[in-house]
Amino acid sequence: SRLLSLDLSHNKLTRIDASAFRALFTLQSLSLSYNEIESLAENAFSANRNLHTLSLSGNRLTSLDANSFAGLEVLNAMFLDHNRILHINPLTFSNITNLMELNLGGNRLEAVPIAIANLHSLRSLDLSYNRIRDISNASYQGLEQLYGLNVEGNLVGNLSRGDFADLPSLRVLNLAANRIGSVEQGT
């Protein structure tokens, strides 16, 4: 009951039930990376209110529901890279207001998820190697704390003047390996 860190990575887990981690109130770090997880039960982590880091990298998730991460108010870092995510509910991250690092790289996203607009403390966002074509109306705009943005390996074609205007803290921007054909003056 006093466990602080749990690593269940590189196993054969296929789903996370609502009761799986219910008794682990003090848990601060949970790694479920590189399993075969296809689904998360609603409120699967709601009892883990002290969780700071959650890694679900390298699984088989295709979508994230509104209550997938309910109760994780102090979460600082979440790794969802290398899954098969196509859809993220706009309310998925609404309770995770302290999240500072989010990795969604290596998925199947075709647009920047609207759900990111709720993450006002976000400092690092990785959207690399998805299928994103347009970033001109991306939901990360207006995130004043965003320091690093990785959009490498997508299908972005052109860059416009306003694409990064609402990101005053942006210092690291990776747009490598896209299809950028033009960059508007003043971008």
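Please read all numbers here as calculations on a predicted model, not as lab measurements.
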Starting from the C-alpha separation in whole Å, work towards a yes-or-no answer on side chain to side chain contact (heavy atoms under 4.5 Å, CB included) for E101 and R123. CA-CA 6 Å; E101 181 178 0; R123 293 188 47 77; over 6 Å; no

How about [X] and [Y]: do any of their side-chain heavy atoms sit closer than 4.5 Å?
| X | Y | value |
| --- | --- | --- |
| F25 | R49 | no |
| F21 | L51 | no |
| I135 | F164 | yes |
| T14 | E38 | no |
| L80 | L102 | yes |
| Y140 | L119 | no |
| L109 | I88 | yes |
| L143 | H120 | yes |

T53 vs F79, test: side chain to side chain contact (heavy atoms under 4.5 Å, CB included). Steps then yes/no. CA-CA 8 Å; T53 304; F79 305 97; 3.9 Å; yes

For [X] and [Y], which I'm curious about, is there any donor-acceptor pair between the side chains at under 3.5 Å?
| X | Y | value |
| --- | --- | --- |
| N158 | S182 | yes |
| S19 | D17 | no |
| S94 | N118 | no |
| T92 | S68 | no |

Give a yes or no answer on whether the side chain of N35 reaches the backbone of N59 with a donor-acceptor pair at less than 3.5 Å. no

Please confirm whether the backbone N or O of L24 pairs with a side-chain atom of N48, one donor and one acceptor, at under 3.5 Å? yes

Residue pair H52 / V74: nearest heavy atoms and the distance that separates them: ND1-O, 3.6 Å

Is L167 linked to L159 within one hydrophobic cluster, defined over Ile, Leu, Val, Met, Phe, Trp and Tyr using a side-chain heavy-atom separation of less than 4.5 Å? yes

Partners of Y34 by ring-ring contact (aromatic ring centres under 6.0 Å, His included), sequence neighbours excluded? H10

In Å and rounded to the nearest 0.5 Å, what is the CG to CD1 distance from L64 to I85? 4.5 Å

Look up atom CG in N178 and atom CZ in R133, then write down how far apart they are to the nearest 0.5 Å. 11.0 Å

Could you go through S57 and D81, starting from their C-alpha distance and side-chain angles, then the distance that decides it, and tell me whether this counts as side-chain hydrogen bond (donor to acceptor under 3.5 Å, both in side chains)? CA-CA 5 Å; S57 302; D81 53 294; 2.6 Å; yes

Evaluation steps, side chain to side chain contact (heavy atoms under 4.5 Å, CB included), between Y129 and H82: CA-CA 9 Å; Y129 296 97; H82 297 94; over 6 Å; no

Show your reasoning for whether side chain to side chain contact (heavy atoms under 4.5 Å, CB included) applies to F69 and L56. CA-CA 12 Å; F69 305 112; L56 288 159; 3.9 Å; yes

Connecting only ILVMFWY residues whose side-chain heavy atoms lie within less than 4.5 Å of each other, what is the rest of Y147's hydrophobic cluster? V172

